[in-house]
Amino acid sequence: MANNNNNNGKMSREERGRKGGEATSNNHDKEFYQEIGRKGGEATSDNHDKEFYQEIGRKGGEATSENHDKEFYQEIGSKGGEATSENHDKEFYQEIGRKGGEATSENHDKDFYREIGRKGGNSND
């Protein structure tokens, strides 16, 4: 591999990182990465507020949307729905539906609901 940092034949930081990442992935399974992710999340949550997570979520969503199409989102939505339905009961869905309805109603007025009701009524034609 070409040396892009002119380090007199030494590996660049990027190449060392890549090789280390490959070696680590060859030696560990999915549970290992889930565990270090959980620990990292716990450590990070102690140091950041809600706005921090909203911002990184927004940036991640934008980056992902630039690289994936509608079919990608349909597929991950389907998989997520299947996984979620295996782990939750009717009351769980009622509660998240109630919370979603409350959040939506805080952001929209009667005209919004009239419009989506009109569109929904026309979709059955």
Side-chain angles (χ1 to χ4, degrees):
M1 177 163 269
N3 183 359
N4 59 5
N5 282 349
N6 279 336
N7 287 338
N8 298 325
K10 296 179 183 177
M11 270 192 272
S12 68
R13 180 183 306 164
E14 292 83 6
E15 189 171 359
R16 288 191 310 269
R18 183 185 57 75
K19 286 189 174 207
E22 288 173 358
T24 301
S25 71
N26 290 334
N27 294 320
H28 297 287
D29 59 8
K30 179 180 177 182
E31 288 75 22
F32 169 81
Y33 291 103
Q34 289 173 333
E35 179 66 13
I36 62 172
R38 184 189 60 75
K39 288 179 179 179
E42 288 174 1
T44 303
S45 69
D46 293 340
N47 299 317
H48 298 286
D49 60 9
K50 180 180 176 181
E51 288 75 23
F52 170 80
Y53 292 104
Q54 289 173 332
E55 178 66 10
I56 62 172
R58 183 189 62 74
K59 288 180 179 180
E62 289 174 0
T64 302
S65 71
E66 292 172 2
N67 297 312
H68 297 286
D69 60 9
K70 179 180 176 182
E71 288 75 23
F72 168 80
Y73 290 101
Q74 289 172 334
E75 178 68 19
I76 63 170
S78 175
K79 288 180 180 179
E82 289 171 8
T84 302
S85 69
E86 293 171 1
N87 297 311
H88 297 288
D89 59 12
K90 178 181 173 182
E91 287 75 24
F92 169 81
Y93 292 103
Q94 288 173 335
E95 178 67 9
I96 61 171
R98 184 189 61 74
K99 288 180 178 179
E102 288 175 0
T104 302
S105 70
E106 291 172 2
N107 297 312
H108 299 287
D109 60 9
K110 287 182 180 181
D111 291 335
F112 169 80
Y113 291 103
R114 285 187 188 112
E115 180 64 15
I116 62 170
R118 184 188 62 75
K119 288 179 180 177
N122 291 336
S123 68
N124 294 327
D125 292 340

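All values below come from the heavy atoms of this structure, side chains included, with hydrogens, waters and symmetry mates left out. The model shown is predicted, which means the values in this text are computed figures rather than measured ones.
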Practice task
With sequence neighbours left out, write down each residue that passes side-chain contact (heavy atoms from CB on, under 4.5 Å) with Asp109, or none if nothing qualifies.
Solution key: Asp111, Phe112
Exercise for the section: Please confirm whether the backbone N or O of His88 pairs with a side-chain atom of Tyr93, one donor and one acceptor, at under 3.5 Å? Expected result: no
Problem - Note, Lys119 side chain near Glu115 side chain (heavy atom, < 4.5 Å) - result: yes
Fill in the blank from the handout: Residue set satisfying ring-ring contact (aromatic ring centres under 6.0 Å, His included) with Phe52, at least two apart, ordered chain then number -> His48
Exercise for the section: Indicate yes or no: at least one non-hydrogen side-chain atom of Gln54 is less than 4.5 angstrom from one of Lys50. Expected result: yes
Practice task
Decide side chain to side chain contact (heavy atoms under 4.5 Å, CB included) for Lys99 and Glu95; before the verdict, give the C-alpha distance in whole Å, the side-chain angles of both, and the deciding distance to 0.1 Å.
Solution key: CA-CA 6 Å; Lys99 288 180 178 179; Glu95 178 67 9; 3.0 Å; yes
Give every donor-acceptor pair under 3.5 Å between a side-chain atom in residues 80-87 and any protein atom, sequence neighbours left out.
from  : atom 1 : to    : atom 2 : distance (Å)
Thr84 : OG1    : Gly80 : O      : 2.8
Ser85 : OG     : Gly81 : O      : 3.3
Ser85 : OG     : Glu82 : O      : 2.9
Asn87 : ND2    : Ala83 : O      : 3.0

Exercise for the section: Answer yes when Glu75 and Lys79 have at least one side-chain N-carboxylate O distance shorter than 4.0 Å, and no when they do not. Expected result: yes
Exercise for the section: Check for a donor-acceptor pair, side chain of Thr44 on one end and backbone N or O of Gly40 on the other, with a separation under 3.5 Å. Expected result: yes
Problem - Minimum-distance pair of heavy atoms, taken over all atoms of Lys19 and Met11 - result: CD-SD, 3.6 Å
